[in-house]
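Heads up: the structure comes next, in structure tokens.
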Amino acid sequence: MTLASRNKFVIQKVLESDITEEDKIFFQLWNEKPLLSLKSDFLAIIEQLRKEQYQQVLENLEGIPEFKIQKTEYISRATEQFEKYTLKTSSLLQVAAGQGMDYQEVLNSKSGFSTELNTTAIKNRANLHAGELITGINETTRVRINKLITKALDEGISKYELKEILKTDFGFSEYRANLIARNELKRAYIQGQKIQFAQWQKESWMRGYKDWISHRDDRVTELCFLNDMAWTIPFDDVFPSEDMEPPRFPWC
């Protein structure tokens, strides 16, 4: 869901009874802040990682005589060697989560009870998730490369042919990098909202609720539609898909 469509929902369904002209102007201006404004920066980091991994695999292949490809670890660098990507990723996730937190606090204040921004929780989550993310990307790429190496061994593919396959493989594709960037920023934004809403619920002693809002068009999956049709549920409950919040999958 885009930030604009979420704002529209908030105005029409949640705040309709007491919405003011000032509110309308504010939300209209807020819509000018795109949810994925950090996408290009985040994508550049994932692209750098992708290229470094690809180059390492090629270097490993170059050291193998033709044709004696052996199944080995073709991305052998430890997680610590990719720490620079973790640090860069964490800072951008913090900003995206902060946007979600800011937006949620606007909604929290409509209840007549405001809370301080829980920036410590945002920073801790971003740091932890960034490390898990980079490790996960490396592991997924490693598994994919080993499968291709096995295929090369089984089918007698030459080293040159293997390089050509790697060049167009999903593991090193721009599409995958784009998918990761979009998904992680969306997740961070939603987590920022979630953390701030949990803070409001704790300090206000009021029970919180949530909705899953979709565009209700032919792009919406069946489970996301069922989540939408569940309407309002308690904040700590799961939706019919057994998810706590969107996104359910990378291209959600």
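Numbers for residues simply follow the sequence, beginning at 1.
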Quiz item: Got a sec, which residues hit salt bridge (charged side-chain N to carboxylate O under 4.0 Å, His left out) with E139, two or more places apart in sequence or on another chain?
Solution: R142
Quiz item: Do Q191 and H129 get their side chains close enough for a donor-acceptor pair, meaning under 3.5 Å?
Solution: no
Practice problem: Begin from the C-alpha positions of T141 and R176 and carry the test side chain to side chain donor-acceptor pair (under 3.5 Å) through to its verdict. | Solution: CA-CA 11 Å; T141 307; R176 182 192 177 206; 2.9 Å; yes
Quiz item: Which residue pairs pass the salt bridge (charged side-chain N to carboxylate O under 4.0 Å, His left out) test with at least one member in residues 227-236, sequence neighbours excluded?
Solution: R216-D228
Exercise. Tell me, please, which residues at least two apart from K51 pass side-chain contact (heavy atoms from CB on, under 4.5 Å).
Key: E47
Quiz item: Taking only residues two or more places apart in sequence or in another chain, which ones pass side-chain contact (heavy atoms from CB on, under 4.5 Å) with N108?
Solution: Q104, E105, T115, Q196, F197, W200
Practice problem: Applying side-chain contact (heavy atoms from CB on, under 4.5 Å), name anything that partners D217, two or more places apart in sequence or on another chain. | Solution: H215, R219, V220
Exercise. Could you pull out all residues at least two apart from E203 that satisfy side-chain hydrogen bond (donor to acceptor under 3.5 Å, both in side chains)?
Key: Q199
Exercise. Output all residues satisfying side-chain hydrogen bond (donor to acceptor under 3.5 Å, both in side chains) with K194, sequence neighbours left out; order by chain, then residue number.
Key: E245
Quiz item: Quick one: side-chain hydrogen bond (donor to acceptor under 3.5 Å, both in side chains) partners of S204, sequence neighbours excluded?
Solution: none
Practice problem: Go through the structure and list residues passing ring-ring contact (aromatic ring centres under 6.0 Å, His included) with F249, not counting sequence neighbours. | Solution: W251
Self-check item: Results of side-chain hydrogen bond (donor to acceptor under 3.5 Å, both in side chains) for E116 - residues two or more places apart only
Solution: none
Quiz item: Excluding sequence neighbours, so at least two apart, what forms side-chain contact (heavy atoms from CB on, under 4.5 Å) with A130?
Solution: T86, T89, S90, L93
Self-check item: Qualifying salt bridge (charged side-chain N to carboxylate O under 4.0 Å, His left out) pairs, either residue in residues 88-101, two or more places apart
Solution: none
